[in-house]
Amino acid sequence: QVQLIEAGGGLVQAGGSLRLSCAVSGRTFSNSVMGWCRQAPGKEREFVAAIRWSGGSSTRYADSVKGRFTISRDNAKNTIYLQMDSLKPEDTSVYYCAASVRYYGGISSLREADFSSWGQGTQVTVSS
């Protein structure tokens, strides 16, 4: 089991930037995948971005954030990040750090349902 603790949410104006971080602890494996999902009020939780925890730097993004958000990792610090630029009001959500501890598929086929460990969430609010 892994434990995930997010930080970095807040209030920002449209067009601004925020960086979320997620401290990862517990046992991970060479095929672990870390990522971010979000849930807006009244909506289902949706996939945002994912990155392999070790090995290559394969990443995947939801179409809605591609080109604006960047996921990265720092294995020395056991931390993943989500750099969010050009934020829009529709990005307003609770953002959750997530982990698929053992993921055997290709990152291109990863879905929100494949994540099995979750952080507590951090609120991101983008004002217009």
Side-chain angles (χ1 to χ4, degrees):
Q1 187 73 315
V2 296
Q3 292 77 47
L4 308 168
I5 301 177
E6 304 101 334
L11 174 65
V12 65
Q13 288 188 332
S17 298
L18 279 176
R19 189 176 80 155
L20 306 182
S21 63
C22 174
V24 180
S25 60
R27 189 170 185 185
T28 57
F29 299 87
S30 60
N31 59 349
S32 294
V33 175
M34 305 298 171
W36 294 90
C37 296
R38 67 187 183 185
Q39 187 168 24
K43 295 187 177 181
E44 294 186 352
R45 189 162 54 191
E46 64 176 2
F47 170 83
V48 174
I51 187 168
R52 290 206 176 274
W53 184 238
S54 62
S57 58
S58 296
T59 57
R60 178 172 168 242
Y61 297 91
D63 289 342
S64 59
V65 307
K66 204 172 294 183
R68 300 187 298 121
F69 290 11
T70 304
I71 188 170
S72 61
R73 69 174 196 252
D74 186 335
N75 293 101
K77 295 182 178 180
N78 287 327
T79 301
I80 65 168
Y81 302 95
L82 185 68
Q83 177 67 40
M84 305 184 293
D85 299 317
S86 301
L87 282 161
K88 304 175 181 180
E90 51 263 43
D91 294 318
T92 295
S93 288
V94 177
Y95 284 72
Y96 296 92
C97 182
S100 178
V101 177
R102 287 186 179 272
Y103 182 66
Y104 297 96
I107 200 168
S108 62
S109 58
L110 181 77
R111 303 166 300 144
E112 182 266 348
D114 292 313
F115 291 119
S116 55
S117 297
W118 298 89
Q120 80 284 359
T122 185
Q123 177 70 44
V124 171
T125 302
V126 184
S127 63
S128 57

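Basis for what follows: all heavy atoms, side chains included, without hydrogens, waters or symmetry-related copies. If you're wondering where the values come from, they're calculated on a predicted model, not measured in any experiment. Counting from 1, the numbers follow the sequence of the chain as shown.
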Practice prompt. Would you name the heavy atoms of Asn31 and Tyr104 that are closest together and state the gap between them?
Written response: ND2-CE2, 3.3 Å
Discussion item. Is a donor from one side chain sitting under 3.5 angstrom from an acceptor on the other, for Ser117 and Gln1?
Written reply: yes
Fill in: Cluster link Trp36 to Val65, ILVMFWY, side chain under 4.5 Å
yes
Worksheet item: Which atom names give the shortest non-hydrogen contact between Ser30 and Ser54, and what distance separates them?
Response: O-OG, 3.1 Å
Worksheet item: Looking at side-chain heavy atoms only, is the closest gap between Ile80 and Cys97 below 4.5 Å?
Response: yes
Worksheet item: How long is the span from the OG atom in Ser32 to the CZ atom in Arg102, to the nearest 0.5 Å?
Response: 7.5 Å
Item to complete: Step by step, work out the side chain to side chain contact (heavy atoms under 4.5 Å, CB included) result for Val126 and Lys88.
Response: CA-CA 6 Å; Val126 184; Lys88 304 175 181 180; 5.5 Å; no
Worksheet item: Would you find a donor on one side and an acceptor on the other, under 3.5 Å apart, between the side chain of Tyr103 and the backbone of Leu110?
Response: yes
Discussion item. Quick check for you: to the nearest 0.5 Å, what is the distance between Ser64 atom OG and Glu90 atom CD?
Written reply: 9.0 Å
Discussion item. Main chain of Gly121, side chain of Glu6: is a donor-acceptor contact present, judged purely on distance under 3.5 Å?
Written reply: yes
Discussion item. Let me confirm one number: the CG-CD1 distance from Leu20 to Ile71, rounded to the nearest 0.5 Å.
Written reply: 10.5 Å
Worksheet entry | Atom CD1 of Ile5 with >12 non-hydrogen neighbours under 6.0 angstrom | no
Worksheet item: Would Arg60 count as a cation-pi partner of Phe47, with NZ or CZ less than 6.0 Å from the six-membered ring centre and within 45° of the ring normal?
Response: yes
Worksheet item: Would Phe115 and Ile51 show up in the same hydrophobic cluster when neighbours are defined by side-chain heavy atoms closer than 4.5 Å?
Response: no
Discussion item. Can you tell me which residue among Val101, Val33, Val24 is in a side-chain contact (heavy atoms from CB on, under 4.5 Å) with Trp53?
Written reply: Val24
Worksheet item: If we only count heavy atoms from C-beta on, is the Asp91 to Arg68 side-chain gap below 4.5 Å?
Response: yes
Worksheet entry | Distance in Å, Ser100 OG paired with Ile107 CD1, rounded so as to fall on 0.5 Å steps | 10.0 Å
Worksheet item: Is the backbone N or O of Lys77 less than 3.5 Å from a side-chain atom of Thr79, with the two atoms forming a donor-acceptor pair by type?
Response: yes
Worksheet item: Looking only at heavy atoms, which two atoms of Val2 and Ala99 are closest? And how far apart?
Response: CG2-CB, 3.7 Å
Worksheet item: Going by heavy atoms in the side chains, are Val48 and Leu82 under 4.5 Å from each other?
Response: yes
Worksheet item: How long is the gap from CD on Glu46 to SG on Cys37, to the nearest 0.5 Å?
Response: 8.5 Å
Practice prompt. Check whether more than 12 heavy atoms from other residues, nucleotides or ligands sit under 6.0 Å from atom CD of Gln120, and answer yes or no.
Written response: yes
Worksheet item: Shortest non-hydrogen contact from Ala14 to Ser128?
Response: CB-CA, 4.4 Å
Worksheet item: So which heavy atom on Val124 is nearest to which on Met84, and how close?
Response: CG2-CE, 3.9 Å
Worksheet item: Between the side chain of Thr92 and the main-chain N/O of Thr125, is any donor-acceptor distance below 3.5 Å?
Response: no
Practice prompt. Using the six-membered ring wherever Trp is involved, compare the ring planes of Trp118 and Tyr96 and label them parallel, tilted or perpendicular (cut-offs 30° and 60°).
Written response: perpendicular
Worksheet item: Which distance, rounded to the nearest 0.5 Å, do you find between the CD of Glu112 and the CZ of Arg38?
Response: 13.0 Å
Worksheet item: Do Tyr95 and Leu18 sit in the same hydrophobic cluster, where Ile, Leu, Val, Met, Phe, Trp and Tyr count as joined when their side-chain heavy atoms come under 4.5 Å apart?
Response: yes
Worksheet entry | Side-chain donor/acceptor of Arg73 to backbone N/O of Arg52, under 3.5 Å | yes
